[in-house]
Q: 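The structure is given below, and queries will be raised subsequently.
Here the structure is a predicted model, which means the values were calculated and not measured.
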Amino acid sequence: MCRHLAYLGSPVSLAALLIDPPHSLLRQSWAPTDMRGGGTINADGFGAGWYPTDRPEPVGYRRATPMWSDTGFADLAGTITTGCALAAVRSATVGMPVTESASAPFAGGRWLFSHNGVVRGWPDSMAALAAGLPVVDLLTMDAPTDAALLWALLRHRLAAGQEPEDALAALVTDVADAAPDSRLNLLLTDGETVLATAWGHALSVLTGPDRSVIASEPWDTDPGWRAVSDRQLVIADRSGLTVHDL
């Protein structure tokens, strides 16, 4: 399993989102509270993506090392301000590579993507879905992992013109049919909208007049945090947050 987080709202520093809260993503890298049997810590890499104010496409930072070991990232995070970010810490599924390119967020064009969970029966269970991708998409996957394939499948659907919420919902149900008992908590953003699925794993949201936070685990004890029910789709934009059944 992994831990991930997306933020949309008034500009804040990356440090305020990922490092400063008492149960920040940094702390969740070594002391997560809800891994549900998918490992004990998130030491197999981390990444962050954010949207600068002067360009529509995101900037990314990924490493194959634990977040706590990259002391330079904390200094960098304090200097970066953004109104939208997506970040993750990784606990690699046994047998999958621990490389920088296997860490979320995955990027393409204006999109950032992350997967918290596991695809059961990998890779055999995904062969039929993967066969529907263009060969070039398979050859240019970030890494030979379930998360990278999910991103390739989703990116293909988005490029074909599917609406993001439709593409994300269909991907989750298609993968769940092909690989039952998979955990498919996904995050997707283009800098203006954040979409998330809760499927087999915990997800929480915190909303306010100037922000929406969607995270695997609450980053503090604010009573405004609320759990998302299983098999739901969350959509956050500048006007607020809505939740739909998958």
Q: Are P105 and W111 close enough that some pair of their side-chain heavy atoms sits under 4.5 Å apart?
A: no
Q: Check this for me: does any side-chain nitrogen of one of R183 and D146 sit under 4.0 Å from a carboxylate oxygen of the other?
A: no
Q: Should P52 and V59 count as side-chain neighbours, where that means a heavy-atom distance under 4.5 Å?
A: yes
Q: Test side chain to side chain contact (heavy atoms under 4.5 Å, CB included) on L206 and D222; report intermediate values, then the result.
A: CA-CA 9 Å; L206 177 66; D222 188 320; 4.0 Å; yes
Q: Do H244 and Q232 get their side chains close enough for a donor-acceptor pair, meaning under 3.5 Å?
A: no
Q: Any side-chain heavy-atom pair from V228 and V205 closer than 4.5 angstrom?
A: yes
Q: Can the positive tip of R55 be found less than 6.0 Å from the middle of the six-membered ring of Y51, inside 45° of the ring normal?
A: no
Q: Less than 4.5 Å apart, any side-chain heavy atom of L8 and any of R238?
A: yes
Q: Would you say S103's side chain and A64's backbone share a donor-acceptor pair under 3.5 angstrom?
A: no
Q: In chain order, what residues pass the side-chain contact (heavy atoms from CB on, under 4.5 Å) check against L154, with sequence neighbours excluded?
A: F113, W151, L158, A167, L168, L171, L188
Q: Report yes if the side chains of E217 and P32 come closer than 4.5 Å at any heavy-atom pair, otherwise no.
A: yes
Q: Evaluate the side chain to side chain contact (heavy atoms under 4.5 Å, CB included) criterion for residues D142 and R62: first the C-alpha distance (whole Å), next the side-chain angles of each, then the deciding distance (0.1 Å), finally the verdict.
A: CA-CA 12 Å; D142 287 53; R62 297 192 290 178; 3.1 Å; yes
Q: Would E57 and R110 pass as an ion pair if we require N to O under 4.0 Å?
A: no
Q: List the steps and the verdict of salt bridge (Lys or Arg N to Asp or Glu O under 4.0 Å) for D20 and R27.
A: CA-CA 9 Å; D20 297 342; R27 182 172 182 82; over 6 Å; no
Q: Could you check if a side-chain atom of V194 sits within less than 4.5 angstrom of a side-chain atom of Y7, using non-hydrogen atoms only?
A: no
Q: Quick one: are M126 and V175 in side-chain contact, heavy atoms under 4.5 Å?
A: yes
Q: Quick one: side-chain contact (heavy atoms from CB on, under 4.5 Å) partners of A215, sequence neighbours excluded?
A: L5, W225
Q: Hey, is the main chain of A148 close enough, under 3.5 Å, to the side chain of T145 for a donor-acceptor pair?
A: yes
Q: Please say whether more than 12 non-hydrogen atoms of neighbouring residues, nucleotides or ligands are located less than 6.0 Å from CZ in R226.
A: no
